[in-house]
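Worksheet for the structure shown next.
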Protein chains: 2
Amino acid sequence: MVHYQARLDATFAALSDVTRRGVLEQLGGSDASITDLAQRFRMTLTGMKKHVSILEQAGLVTTEKVGRVRTCKLGLRRLEEEAAWIEQHRQLWNARFDALDKLVEQLKRKEKADAQRKSR
Amino acid sequence: MVHYQARLDATFAALSDVTRRGVLEQLGGSDASITDLAQRFRMTLTGMKKHVSILEQAGLVTTEKVGRVRTCKLGLRRLEEEAAWIEQHRQLWNARFDALDKLVEQLKRKEKADAQRKSR
DNA sequence: TTTACAGTGAACCAAATGGTTCACTATCAA
DNA sequence: TTGATAGTGAACCATTTGGTTCACTGTAAA
C-alpha cells in the first residue's frame with residue numbers, strides 16, 4: 001500500500017480548502033457545470049476548473065463533457081479511508097484520555113485519603 | 001461560526017502531510033520530545049518544530065517545555081468536527097448513489113419488460 | 001455564416017509550504 | 001566553569017498553491 005499515504009495526502013489536501021468543500025456540498029445537492037460553480041463561488045472559469053481538477057484527482061468528483069459543457073458530479077470515492085483514519089485516531093485519543101482520567105481519579109482518591117489522615 | 005471553516009481548513013491541512021500524520025501516530029503511542037520526533041522522521045530539529053507548531057495550531061497536539069526539553073502530547077481536539085463533516089458527506093454520497101441504484105433497477109425492469117413484450 | 005458561449009492551456013503572480021543552515025539562548029552535567 | 005545538549009528564530013530556498021489574464025478551440029444559436 002504505497003499509494004495509501006499518497007491518497008490520504010491528496011484527499012485531506014483537497015478537503016483543506018473552503019471553496020472545494022463548498023463545491024462538494026453543492027454537488028451533493030445537484031450536478032453542476034464549471035460555469036455554474038464558477039458563478040456561485042465568484043471565480044473565473046479557469047480558477048474553478050483547477051479546483052474541480054483537484055477534486056477529480058482525489059476521486060471525490062467525476063466529470064463528463066458533453067457538447068461544450070462539462071458536468072461535475074460526486075465521485076465514486078466516499079471517504080471511507082479518511083473516515084477510518086480519523087476514527088482510528090479518535091480511539092487512540094480516547095484511550096489516552098481515559099488513562100488520564102483514571103490517573104486523575106487516583107490522585108483524587110489519594111488526596112481524599114491524605115485529608116482524612118490529616119484530620120484524625 | 002466564522003471560525004468553523006477556518007478550523008476545518010487548518011485541521012485538514014495539518015492532516016494532509018504524511019510526516020504530521022506519523023507524528024500523531026507516534027504520540028498516540030507515547031509522548032515525545034522534539035528531538036525524539038526529529039530523529040524518528042530524519043529531520044532537523046527546526047523542521048520538526050515547525051510540524052509540531054502546525055499540529056499545535058490545529059489543536060491536535062499540545063506541548064509543554066520543562067527544563068530544556070519540550071514534551072509533545074496529543075491535544076484536546078479529538079477530530080469530532082472533522083469526523084462529523086466526513087460522516088455528513090458520506091451520507092450525502094450514499095443518498096445520491098442509492099438514488100442512482102434505484103434508477104438502474106428501474107431501467108433493468110423496463111428492459112426486461114421490453115424484452116418480454118418483444119418475444120410475444 | 002457570423003456571433004456568442006463553455007471550457008482549456010499557457011504564462012504569470014504573490015503567498016504559503018516544507019525544508020534547510022546558522023547563530024543564539026538556556027539548561028544540564030562533569 | 002566549561003562543555004555538551006535541546007530548542008528557537010531568522011534568513012534563505014525551491015516547490016506548490018490559489019488565483020488571475022490572455023489567446024485559443026470547439027459548439028450552439030441566430
Side-chain angles (χ1 to χ4, degrees), chain A residues 2-3 5-27 30-73 75, chain B residues 2-3 5-27 30-73 75:
Chain A
V2 183
H3 299 109
Q5 294 294 341
R7 211 157 45 220
L8 282 186
D9 276 14
T11 312
F12 282 132
L15 294 180
S16 76
D17 182 278
V18 69
T19 301
R20 287 192 295 262
R21 286 198 304 276
V23 168
L24 289 181
E25 209 108 10
Q26 157 71 26
L27 294 183
S30 61
D31 299 349
S33 67
I34 305 279
T35 299
D36 291 343
L37 295 171
Q39 262 164 0
R40 177 168 314 249
F41 295 93
R42 286 137 209 262
M43 195 176 296
T44 54
L45 282 182
T46 313
M48 182 48 72
K49 175 75 183 343
K50 281 192 183 181
H51 281 306
V52 167
S53 297
I54 289 170
L55 288 167
E56 207 173 358
Q57 195 78 9
L60 299 174
V61 158
T62 59
T63 73
E64 192 193 6
K65 191 168 182 180
V66 31
R68 55 183 173 177
V69 16
R70 175 174 300 279
T71 301
C72 312
K73 327 176 193 290
Chain B
V2 182
H3 300 109
Q5 295 295 340
R7 212 155 46 221
L8 282 186
D9 277 14
T11 312
F12 281 133
L15 294 179
S16 76
D17 181 280
V18 70
T19 299
R20 287 192 294 263
R21 287 198 304 274
V23 167
L24 289 181
E25 208 108 12
Q26 156 72 27
L27 295 182
S30 61
D31 299 348
S33 68
I34 304 279
T35 300
D36 291 343
L37 295 171
Q39 261 164 3
R40 177 169 311 250
F41 294 94
R42 288 138 208 259
M43 195 175 297
T44 54
L45 282 180
T46 312
M48 182 48 72
K49 174 75 183 343
K50 282 192 183 182
H51 281 306
V52 168
S53 296
I54 289 169
L55 288 167
E56 208 174 358
Q57 195 78 9
L60 300 174
V61 158
T62 59
T63 74
E64 193 194 5
K65 190 168 181 180
V66 31
R68 54 183 173 176
V69 15
R70 176 175 298 280
T71 301
C72 311
K73 327 175 191 292

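The chains referred to below are lettered A, B, ... by the order of the sequence lines, with proteins before strands, and numbering in each begins at 1. Predicted model, so just to flag it, every value in this text is computed and none were measured.
Summarising the geometry, the separation between CG on Leu37(A) and C1' on dG7(C) is reported as 13 Å, rounded to the nearest angstrom. Going from atom CD of Gln57(A) over to atom C1' of dT16(D) covers 14 Å, rounded to whole Å. Here the C1' atom of nucleotide dA6(C) and the CE atom of Met43(A) are 17 Å apart, to the nearest Å. If you take CG of Asp36(B) and C1' of dT5(D), they are 13 Å apart, rounded to a whole angstrom. Between Asp17(A) atom CG and dT17(C) atom P the separation is 12 Å, expressed in whole Å. Atom-to-atom, CE of Met48(A) to P of dG19(D) comes out at 8 Å; the value is rounded to the nearest Å. Put simply, CZ on Phe12(B) is 19 Å from C1' on dT17(D), counting in whole angstrom units. In this structure, Asp9(B) places its CG atom 10 Å from P of dT17(C), rounding to the nearest Å.
For the pair Thr19(A) and Lys50(B), nearest-nucleotide mapping onto DNA chain D gives the more 5' position to Lys50(B). Nearest-nucleotide positions on DNA chain D for Gly67(A) and Ile54(A) put Ile54(A) closer to the 5' end.
Remark: the backbone N or O of Leu15(A) is not paired with any side-chain donor or acceptor of Arg20(A) at under 3.5 angstrom. Using modelled atom types, one side-chain atom of Arg21(A) and one backbone atom of Gln5(B) make a donor-acceptor pair closer than 3.5 Å. Of the possible polar contacts, one joining the Asp36(B) side chain to the Ser33(B) backbone as a donor-acceptor pair under 3.5 Å is found.
Using a 4.0 Å heavy-atom distance criterion, Ile34(B) is classed as a sugar-phosphate-only contact.
Considering every non-hydrogen atom in both Thr63(B) and Cys72(B), the closest pair reads CG2-SG, 3.9 Å.
Checked against dG7(C), dG19(C), dT21(D), the side chain of Thr46(A) finds its nearest nucleotide in dT21(D).
Residue-to-nucleotide contacts include no donor-acceptor pair under 3.5 Å from the side chain of Lys65(A) to the base of dG7(C).
Distances shown here put a side-chain N or O of Lys49(A) below 4.0 Å from the OP1 or OP2 atom of dG9(C). When the side-chain nitrogen and oxygen atoms of Arg68(B) are compared with OP1 and OP2 of dT8(D), none of them lie within a distance under 4.0 Å.
At a threshold of 4.5 Å between non-hydrogen side-chain atoms, the residues Glu64(B) and Thr71(B) do not count as touching.
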